[in-house]
Amino acid sequence: MSQHLLTVDSLSRESVDHLLRVAARMEPIAQRRQVTRVLEGAVLGNLFFEASTRTRVSFNAAFCRLGGSVCDTTGFTFSSMAKGESLYDTSRVMSGYCDAIVMRHPDQGSVAEFAAATNVPVINGGDGPGEHPSQALLDLYTIDKEFQRLGKSLSGAHILLTGDLKYGRTVHSLIKLLSLYDPLRITLVSPPGLEMPSKLIDLVTSRGHRIEQRDSLASDFSDLDVVYTTRIQKERFTDEMNESFQGLSDDFMVNRDFLDRRCSQSTIVMHPLPRDSRPGANDLNVDLNGDPRLAIFRQTDNGIPMRMAIFATLLNVDDLIEKDLRSVRWFVPAQTGTLDR
Ligand code: ASP
């Protein structure tokens, strides 16, 4: 694994497998059964210049659960970028304060530009419509865990990516990550104008995977293993697109009816979240809440062990975890949500 995590392009199959193994070792800590202090004294700089709940808080929690501490800044208004400071200067300054930095920024390529000015490990927490590598890693970790539970194998699996495939950075990173594995069948379904960039399709097909593009979900998906649905990224639309886009029609609805009628009992449903719950958004339907096929909250939980694995690997403490474990002393409920499975 290289010094930074800016794009999944820097990951080999071996480095991804290593991260999956380290994440599995982090489970007792992520599930609050054990504690470690391997990052005691280390400080994370969490710089988020775009909206975030999961990524910001889970990177923060992951670093703390390794024994480190976190300093953060949110939005442009409260940072010196509002005074015209460059990415270079901010990066150089932050490197003097922190041992690792996570950054999210609305411009594609900005996190790489920031990382070029520092020797401190930088993780891309999402750069505009570009990439979101840690999300793709936790998504792959989720698929792997769910498949183990269901007795399935990734090799030859059928995966559907649907929603905003043009601006959805999580699917950009995920499709490249999946392409490191044995040949898969990948179906892409998106509204017109929001298709997966063709250069990603070309890359993935050149690695031996079969990609099919359909224009709606109204067909047979009975052999589907995973439906990965994404939010329409309206914040990235041009004014013209905002005027013409009418919202997602029923043809793109992932709900209980779609799963029951078109998929199977072992199809799992994933979403990077947030799902847009506003009327008319037609994002992933809440009628699946409580259905064991809905893996979205298992997916968010998996963000902690995977982000711990990323920090431990980048900061070179991945081999120390087992030697540094103690039991927790505080109260932890057996399950954290009322609908957990
Ligand atoms: N949370 C994900 C991201 O930051 C997905 C989304 O916002 O729709 O890319």
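Whatever order the structure lists ligands and atoms in, that order sets their numbers, starting from 1.
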Review point. With a distance cut-off below 6.0 Å to the six-membered ring centre and an angular limit of 45° from the axis, does R214 pair with F221 as a cation-pi contact?
Key: yes
Check your understanding: Within 45° of the axis and under 6.0 Å from the centre of the six-membered ring of F59, does NZ or CZ of R307 qualify?
Key -> yes
Review point. Are the side chain of H172 and the backbone N or O of K166 linked by a donor-acceptor pair below 3.5 Å?
Key: yes
Point to revise | Options R231, K234, R54, R169, ranked by nearest heavy atom to atom 4 (O) of ligand 1, top entry | key: R169
Exercise for review: Heavy-atom contacts with T170 under 4.0 Å: which atoms of ligand 1 show up? List them by number with element.
Suggested key: 2 (C), 9 (O)
Point to revise | Donor-acceptor pair, side chain of S80 and main chain of K83, under 3.5 angstrom | key: no
Review point. Counting N and O atoms only, with roles assigned by atom type, does the side chain of T230 sit under 3.5 Å from a partner on the main chain of T162, one being a donor and the other an acceptor?
Key: yes
Check your understanding: Quick check: does T55 get an N/O under 3.5 Å from an N/O on ligand 1?
Key -> no
Check your understanding: How far is atom 1 (N) of ligand 1 from its nearest protein heavy atom, and which residue and atom is that?
Key -> L273 O, 2.9 Å
Revision key, fill the gap. A student checking ligand 1 against P274 at a 4.0 Å heavy-atom cut-off should list atoms 1 (N), 6 (C), 7 (O)
Exercise for review: Would you kindly specify which portion of Q135 sits under 4.0 Å from ligand 1, judged on non-hydrogen atoms: side chain, backbone, both or neither?
Suggested key: neither
Review point. Does one side chain, of S173 or E131, offer a donor that lies under 3.5 Å from an acceptor on the other?
Key: yes
Check your understanding: With a 4.0 Å cut-off on heavy atoms, does E50 reach ligand 1?
Key -> no
